[in-house]
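Heads up, the thing below is written out as structure tokens.
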Amino acid sequence: MKFLYRIYQLCIGLPYIILSTVLATVVIAIGSAIGLGRWVSYYPGKLWAWSILKVMLIPVSVEGREHLQPGQSYVFVSNHQGAFDIFLIYGHLCRDFRWMMKYQLRKVPFMGWACEKCHHIFIDKRGASRIKKSYDQARDILRGGISLVVFPEGSRSFTGHMASFRRGAFLLADELQLPVVPLTINGSFDIMPRTSRWAAWHPMKLTIHQPIETSNAGRDVKQVMDESYRAIEQALVPQYQGFIENPDQ
């Protein structure tokens, strides 16, 4: 089964990922040029991610969508098990949002340029002025009614376990008094660990937790961060629960 799935992804999955990425980039370019910026910032990427999981034959389940209110901006924070996290959240969260990502991803062919056109936020930590510019952009997006998705660990896990969280997303939510929504991803590490070049077949599950209120509820930033961490970790399958330091942090 493992051998057959590798043949399938080599002959069908990988060509589809490449073709769909190029096609999505073309749609984003045309849409941006004719003034459909808000539309192309979400829908082409959602279809791209959703279809890749379908083509890769990955079953997906989502729990907790009822916790989200229409028209409300949120700061979503998620564990980061692997590359397939992107497909799961983009394809199945079903909210208009922007990613907050490392500036190095801007250099990825097609994807980096498309993300820039979609107004996703590249966090550049090479100096205080660049950090400030990134967070100013995030504030503008959140004030416009759109949500933000952040991996507060900052990088993918080497083990499937969670590492420590960084404070940036939580500080932003506190400043704007927006709810923080923890997301738990299960299955991504089993599909494609960080050190693997091949994907394995495995179901994925996205758990959307109850929103955590920020300043209005009297919680400080550390309390919100700790509460988010606990919610995400407790919904992980037992083998990936518990803290393990990530050397990338």
Side-chain angles (χ1 to χ4, degrees), residues 64 67-68 73-90 92-93 95 97-106 115 120-126 130-139 141-142 146-189 194 204-215 217 219-236 240-249:
H67 297 150
L68 305 180
S73 292
Y74 296 102
V75 176
F76 293 98
V77 294
S78 174
N79 61 315
H80 199 5
Q81 284 197 333
F84 275 68
D85 298 344
I86 307 296
F87 306 137
L88 180 63
I89 293 177
Y90 219 156
H92 292 273
L93 183 58
R95 301 289 293 198
F97 68 86
R98 303 294 177 267
W99 293 101
M100 185 174 276
M101 61 186 74
K102 292 180 178 180
Y103 79 92
Q104 292 94 331
L105 294 175
R106 175 62 183 86
C115 286
H120 296 302
I121 302 160
F122 295 96
I123 298 297
D124 191 340
K125 297 186 176 179
R126 296 173 298 174
R130 294 182 180 184
I131 293 174
K132 181 180 182 300
K133 182 179 178 182
S134 299
Y135 279 92
D136 286 345
Q137 184 183 358
R139 289 185 190 94
I141 285 171
L142 288 165
I146 300 170
S147 294
L148 190 68
V149 175
V150 185
F151 295 119
E153 294 167 272
S155 59
R156 287 176 289 162
S157 171
F158 281 99
T159 63
H161 295 77
M162 288 170 62
S164 56
F165 278 0
R166 296 173 177 174
R167 294 166 59 91
F170 301 95
L171 289 168
L172 192 62
D174 183 72
E175 176 188 336
L176 299 176
Q177 298 189 0
L178 290 174
V180 172
V181 179
L183 303 174
T184 301
I185 292 173
N186 277 298
S188 180
F189 186 79
R194 186 167 176 174
M204 297 186 77
K205 182 178 180 180
L206 176 65
T207 303
I208 304 169
H209 297 278
Q210 288 275 5
I212 301 171
E213 298 299 329
T214 52
S215 298
R219 295 183 175 96
D220 63 24
V221 170
K222 188 176 187 310
Q223 285 178 309
V224 174
M225 186 165 63
D226 291 345
E227 192 173 337
S228 299
Y229 193 100
R230 286 194 300 271
I232 295 169
E233 184 190 19
Q234 288 170 5
L236 286 169
Y240 297 128
Q241 291 182 3
F243 170 84
I244 293 184
E245 185 177 357
N246 188 331
D248 258 5
Q249 289 191 319

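The chain is numbered in sequence order, starting from 1. Only this structure's heavy atoms are used, side chains among them; waters, hydrogens and symmetry mates stay out.
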Supply the atom-to-atom distance [X] [atom1] to [Y] [atom2], rounded to the nearest 0.5 angstrom.
X: N246; Y: T159; atom1: CG; atom2: OG1; result: 7.5 Å
X: H80; Y: S155; atom1: NE2; atom2: OG; result: 7.5 Å
X: L148; Y: R98; atom1: CG; atom2: CZ; result: 10.0 Å
X: R230; Y: M225; atom1: CZ; atom2: CE; result: 11.0 Å
X: F97; Y: F76; atom1: CZ; atom2: CZ; result: 8.5 Å
X: E153; Y: H161; atom1: CD; atom2: NE2; result: 11.5 Å

Within-4.5 Å side-chain heavy-atom neighbours: [X] and [Y]:
X: I208; Y: L93; answer: yes
X: M162; Y: I232; answer: yes
X: S188; Y: R156; answer: no
X: V77; Y: L183; answer: no
X: I185; Y: L206; answer: yes
X: I89; Y: W99; answer: yes
X: V75; Y: L172; answer: no

So, for F170 and F165, which heavy atoms are closest and what is the spacing to 0.1 Å? CZ-CD2, 3.8 Å
Tell me the closest heavy-atom pair linking S228 and V180, and the distance in Å. OG-CG1, 3.6 Å
Does any N or O in the side chain of [X] come within less than 3.5 Å of the main-chain N or O of [Y], such that one atom is a donor and the other an acceptor?
X: N79; Y: E233; result: no
X: D85; Y: G82; result: yes
X: T214; Y: P179; result: no

